[in-house]
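Taking it in order: structure first as structure tokens, then the write-up.
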Amino acid sequence: TQPAVWVAEQASAIAQAAKDFELTGSDEGLSASRAVGDEVAALEQRIANPASAWRLTTGFPDVDRKVLGMERGEYWLLGARPSMGKTAMSLQIAAAACDQGARVSFFSLEQRTSRIMQRMLSQVSQVEFAAIRTAANFNDNMVRNINRAQDAIGKWNLTIRDQPMMKPSAIRAAAARDKSRHGLDLVIVDHLHHVRPDERSDSRYVQVSSISKAFKAMAKDLDCPVLLCAQLSRDAHDASRPPSLRHLRDAGTLEEDCDVCLLIHRPGYYMTDDDGSAQVAVAKARDGEVGPVPLVWRSKVLRFENKGYGR
């Protein structure tokens, strides 16, 4: 390596370390009197101006009532078996955040950006996903709906990355760049089992624990909620029983690390003729309520609706 190149590389590394330090802050603690004073002042501001209380809604009102929305620094898990709708729900949460003016970074480690955008177009336009993929049997009304969806999505502050097998450190660095450039309000990673651990280990439990703790730290350091999608174990494939925290695949410390855990269950999936019956269970809520939230799965447009949609 040429000396000039080496110096440039070291300078870049030092500059990045300095930025990381600015994000994480110093190692100085905060006195109780200062901390409680700050919190009471923030509470007084929220009382005087409720709109100043920062939190993102998920787009699912019954979920928000249980967990009070997404707050800065929170680490969320969204779990389900394959084909149950993890990506669909995560995209709906991203869309709801964007509609609130939030700045969202979406890491799609499994699917290409083009496929993610096809899904979003279907969800927003209500044009069937199959029609968007094949361009078959389009009519003028469908074209108008697609154009309206394009206008809406085009106004969102949403960044999508589809590099496969990213490490937590690479995801954090990319999210930190987004934060420094235009601010950041939500990070979504789809999904855990396509994340490559920063450190090698023969134990999958250790790998998952390391990944989970990295995302939990990221939420605190970047001061925004981080939502991580995760697959559930095969034991969760049961039409009669909704999944629970014990079904988190290769769980590691996922359960103890997360602040909120949502688990998707679709009984209709196991029927010959899917009736759309679905629910998302709030399986863990560090500062909220747990319990099931009934939903309706609309398979043709790959989206969940609140129970009672269309009635």
Side-chain angles (χ1 to χ4, degrees), residues 55-56 58 60 62-90 93 107 109-110 166-169 171-172 175 186-199 201-222 224-238 240-266 278-293 295 304:
R55 68 180 68 246
L56 293 175
T58 63
F60 300 98
D62 290 335
V63 172
D64 293 324
R65 276 190 280 272
K66 288 184 178 296
V67 300
L68 305 179
M70 309 179 84
E71 293 197 41
R72 295 193 183 279
E74 285 188 336
Y75 171 39
W76 285 46
L77 283 179
L78 175 60
R81 286 293 297 152
S83 302
M84 288 290 161
K86 291 187 302 295
T87 300
M89 184 170 285
S90 68
I93 291 172
F107 293 84
L109 308 188
E110 184 177 25
M166 292 181 73
K167 295 181 178 181
S169 57
I171 293 172
R172 185 193 182 284
L186 175 63
V187 174
I188 297 177
V189 181
D190 184 25
H191 58 80
L192 166 67
H193 293 89
H194 288 273
V195 177
R196 186 156 52 105
D198 282 303
E199 298 180 4
S201 173
D202 293 334
S203 167
R204 183 58 182 165
Y205 179 95
V206 172
Q207 290 179 348
V208 171
S209 295
S210 173
I211 291 169
S212 178
K213 291 187 182 302
F215 285 124
K216 185 175 181 66
M218 185 191 310
K220 291 183 67 177
D221 292 345
L222 298 181
C224 72
V226 171
L227 172 67
L228 175 64
C229 299
Q231 280 192 13
L232 301 181
S233 66
R234 295 184 184 279
D235 294 342
H237 255 315
D238 189 332
S240 62
R241 257 188 332 163
S244 64
L245 289 170
R246 72 180 180 86
H247 291 120
L248 287 168
R249 181 178 162 194
D250 303 321
T253 57
L254 287 171
E255 179 181 344
E256 65 185 64
D257 290 340
C258 71
D259 296 295
V260 175
C261 181
L262 305 179
L263 301 177
I264 299 170
H265 180 52
R266 282 175 45 209
Q279 73 169 42
V280 60
V282 180
K284 179 181 178 181
R286 200 180 296 278
D287 299 313
E289 301 176 11
V290 298
V293 173
L295 300 171
F304 292 93

Counting N and O atoms only, with roles assigned by atom type, does the side chain of Ser209 sit under 3.5 Å from a partner on the main chain of Thr253, one being a donor and the other an acceptor?
yes
Excluding sequence neighbours, so at least two apart, what forms side chain to side chain contact (heavy atoms under 4.5 Å, CB included) with [X]?
X: Glu110; value: His191, His194
X: Lys284; value: Leu245, Cys258, Cys261, Arg286
X: Ala80; value: Met84, Lys86, Ile264

Do the non-hydrogen side-chain atoms of [X] and [Y] ever get within less than 4.5 Å of each other?
X: Glu71; Y: Asp287; value: no
X: Phe60; Y: Val293; value: no
X: Leu248; Y: Leu232; value: yes
X: Asp259; Y: Lys216; value: yes
X: Leu186; Y: Pro225; value: yes

Heavy-atom closest contact ([X] atom, [Y] atom, distance):
X: Phe304; Y: Ala88; answer: CE1-CB, 4.5 Å
X: Val195; Y: Pro168; answer: CG1-CD, 3.7 Å
X: Ala175; Y: Leu222; answer: CB-CD1, 3.6 Å
X: Ala278; Y: Arg266; answer: CB-CG, 3.6 Å

Gap separating the [atom1] atom of [X] from the [atom2] atom of [Y], nearest 0.5 angstrom:
X: Leu254; Y: Tyr205; atom1: CG; atom2: OH; result: 9.5 Å
X: His193; Y: Leu228; atom1: NE2; atom2: CG; result: 9.0 Å
X: Leu77; Y: Leu227; atom1: CG; atom2: CG; result: 8.0 Å
X: Leu78; Y: Ile93; atom1: CG; atom2: CD1; result: 5.5 Å

Tell me every residue that passes salt bridge (Lys or Arg N to Asp or Glu O under 4.0 Å) with Lys66, counting only those two or more places apart in sequence or in another chain.
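Expected list: none.
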Suppose we screen for side-chain hydrogen bond (donor to acceptor under 3.5 Å, both in side chains). Which residues come up paired with [X], at least two apart in sequence or across chains?
X: Glu74; result: Trp76
X: Asp64; result: Thr58
X: Arg196; result: none
X: Ser169; result: Asp198

With sequence neighbours excluded, residues passing ring pair (Phe, Tyr, Trp, His ring centres under 6.0 Å) with Phe215:
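Listed in chain order: nothing, the list is empty.
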Between Ser212 and Asp257, is there a side-chain donor-acceptor contact under 3.5 Å, judged purely by atom types and distance?
yes
